[in-house]
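To start, the structure itself, in structure tokens.
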Amino acid sequence: MGKARSQGNADVAIIGGGIIGIATAFRLAEAGRKVVLIERDAPANAASRGNAGAFAFPSILPLASPGILFKAPKWLFDPLGPLSIPPAEFPKVLPWLLRFFRASMPDRIEASTAAQAALNRLSETETATLTKEAGLDHLVRHDGALELYESEAAWRASLKSWERCEKAGVEVEHVEGTRLAALQPGLSPRLVKGVFLPQWKTVSDPRDYALALLEAARARGVELIEGTVSRLSPGAEGVNVTLEGGQTLKAGHAVLAAGPWSNRLTALLGDKLPVTPERGYNTTLPPGSFDLKRQVIFPAHGFVVTPLATGIRVGGASELAGFDAPVNYKRARHMLDKAAGFLPGLKREGGTEWMGSRPSMPDSLPVIGRASSSPRILYAFGHGHLGLTQSAATARLVADLILERTPPIDISPFRPGRF
């Protein structure tokens with residue numbers, strides 16, 4: 001990566017080299033803007049490296065939901081549960097958790113679901129456009145996904161949620177018996193019901209996809225700069241971007257897309273936003289470890305299994321913990337044990353374990369909008385489990401704001417000032 005110039009100039013400086021920042025850089029460069037992308041680490045090396053690789057367009061229901069109020073107390077203090085908080089982290093997470101429970105109340109759910117549905121519909125359209133323009137269609141798989149249930153009762157309990165999804169335009173097929181077995185052979189007989197989601201897509205590998213998009217952006221003139229941004233200083237005609245070490249560059253606009261690291265800079269700008277690191281764990285097994293036809297989802301256990309070009313990835317779960325908290329790879333092994341029970345032929349040898357932090361907001365909606373201190377600074381972070389899914393839509397919305405175009409959807413649900 002190139003080093004920062006002492007007084008460089010750009011139309012737009014993007015802070016954060018994950019999938020959101022990369023997609024935004026591509027979209028703005030495609031529109032003819034001079035863009036610099038600033039990343040403190042290697043690009044696509046955090047959540048964009050080890051996620052489940054899904055374009056989960058049908059996933060419109062927020063994690064904050066009435067059902068979570070009954071499940072969370074049991075989950076939170078189970079160190080291997082789908083949603084957990086290490087005891088030492090609880091005091092730091094408590095303010096976020098209180099907002100999360102407030103967002104789970106019925107009066108908030110309809111609005112957040114509608115906003116997520118609108119963003120995901122835009123995502124589906126914009127992703128198709130972006131992958132075509134960037135020459136990445138060959139990295140996208142159109143196999144759908146299969147959500148699996150261990151009992152008739154568990155499936156019936158999910159029906160109201162699926163009805164809400166169908167009303168929002170999500171294609172849903174309830175399956176069992178021979179149809180279930182045809183969609184994914186080799187399932188344990190414990191799995192008696194499924195829901196097939198044909199609009200769900202995956203990528204061959206999430207990091208490969210992000211890096212290929214970065215190359216397409218660089219081919220359009222995007223400059224990659226290595227460095228950690230210490231301050232954003234708005235001015236009358238632009239933004240001064242200061243890096244650790246004192247280097248500066250000037251830009252007409254700045255976009256903050258640094259995931260869970262974003263709140264350090266937003267606080268300096270006067271916006272204290274409740275984005276928290278939400279850790280996910282996985283194990284990537286070698287290719288051929290199981291004949292997996294498509295991504296399979298185990299909602300009661302909080303994990304998925306995805307076929308990638310690089311192998312079979314077993315991962316998910318949520319752990320609310322800071323960057324410095326000890327890593328607990330027992331969570332990855334626990335999911336792998338469960339996966340082997342549901343997929344009896346799964347070969348568990350030779351796996352690589354990983355942990356990464358998602359940027360999560362209490363209401364499960366990202367922050368997309370202008371900083372309170374300057375219309376020239378825009379925020380684009382907090383996508384939680386849907387960063388890859390919503391990357392192209394977020395890029396479109398940020399580009400519309402910078403280019404002073406009317407966004408195609410109402411972005412007020414994502415405004416930074418909603419908290």
Side-chain angles (χ1 to χ4, degrees), residues 11-33 35 37 48 55-57 59-60 62 111-134 168-169 210 213 216-217 220 222 232 239 251-259 262 266 269 271 273 275 359-361 363-372 374-419:
D11 296 322
V12 185
I14 299 174
I15 298 94
I19 190 59
I20 299 296
I22 291 170
T24 303
F26 176 88
R27 181 53 62 216
L28 287 164
E30 187 81 350
R33 295 304 186 266
V35 180
L37 180 65
S48 296
F55 288 123
F57 305 125
S59 183
I60 64 171
S112 58
T113 300
Q116 202 79 287
L119 187 58
N120 280 12
R121 282 194 296 269
L122 179 64
S123 298
E124 190 166 11
T125 302
E126 288 296 318
T127 298
T129 301
L130 183 148
T131 55
K132 182 178 181 179
E133 291 176 353
L213 182 56
R220 287 157 176 78
V222 172
L232 298 174
V239 183
H253 289 82
V255 179
L256 181 54
S262 298
T266 65
L269 292 164
D271 296 320
L273 301 179
V275 59
S360 288
M361 304 299 293
D363 59 0
S364 303
L365 299 178
V367 175
I368 304 172
R370 301 184 191 276
S372 62
S374 172
R376 291 182 173 273
I377 300 175
L378 292 96
Y379 298 153
F381 59 82
H383 296 77
H385 295 241
L386 297 176
L388 177 60
T389 299
Q390 297 174 344
S391 55
T394 301
R396 165 67 189 273
L397 295 174
V398 170
D400 285 343
L401 291 172
I402 289 175
L403 301 175
E404 298 184 355
R405 302 183 304 212
T406 301
I409 63 171
D410 177 15
I411 63 170
S412 63
F414 316 111
R415 66 192 184 280
R418 69 185 187 267
F419 295 101

Next on the checklist: Using side-chain heavy atoms (C-beta onward) and a distance below 4.5 Å, is Thr113 in contact with Pro62?
Outcome noted: yes
Next on the checklist: How close do Arg121 and Ala168 get, counting heavy atoms only, and between which atoms?
Outcome noted: NH1-O, 3.1 Å
Checklist entry - Judged by atom type as modelled, is there a donor-acceptor pair below 3.5 Å linking the side chain of Arg376 to the main-chain atoms of Gly252? => result yes
Checklist entry - Can you name the closest pair of heavy atoms from Ala115 and Pro413 and give their distance? => result CB-CB, 3.5 Å
Item to check | Asp271 side chain vs Leu273 backbone, donor-acceptor pair below 3.5 Å | outcome: no
Checklist entry - Sub-3.5 Å donor-acceptor pair from the side chain of Arg220 to the main-chain atoms of Ala217, do we have one? => result no
Item to check | Test side chain to side chain contact (heavy atoms under 4.5 Å, CB included) applied to Leu397 and Leu122, step by step | outcome: CA-CA 10 Å; Leu397 295 174; Leu122 179 64; 3.9 Å; yes
Checklist entry - Does any N or O in the side chain of Arg418 come within less than 3.5 Å of the main-chain N or O of Phe414, such that one atom is a donor and the other an acceptor? => result yes
Checklist entry - Is any side-chain heavy atom of Ile20 less than 4.5 Å from a side-chain heavy atom of Gln390? => result no
Next on the checklist: For a quick check under 3.5 Å, do Ser59 and His385 share a side-chain donor-acceptor pair by atom type?
Outcome noted: no
Checklist entry - Between Arg33 and Ala399, is there a donor-acceptor pair closer than 3.5 Å when you use the side chain of the first and the backbone of the second? => result no
Next on the checklist: For a 4.5 angstrom cut-off between non-hydrogen side-chain atoms, does Leu213 reach Leu130?
Outcome noted: yes
Next on the checklist: Taking Ser364's backbone N and O only, do any of them form a donor-acceptor pair with Gln116's side chain (distance below 3.5 Å, no angle check)?
Outcome noted: yes
Next on the checklist: Between Arg27 and Val398 (side chain of the first, backbone of the second, donor and acceptor by atom type, cut-off under 3.5 Å), is there such a pair?
Outcome noted: no
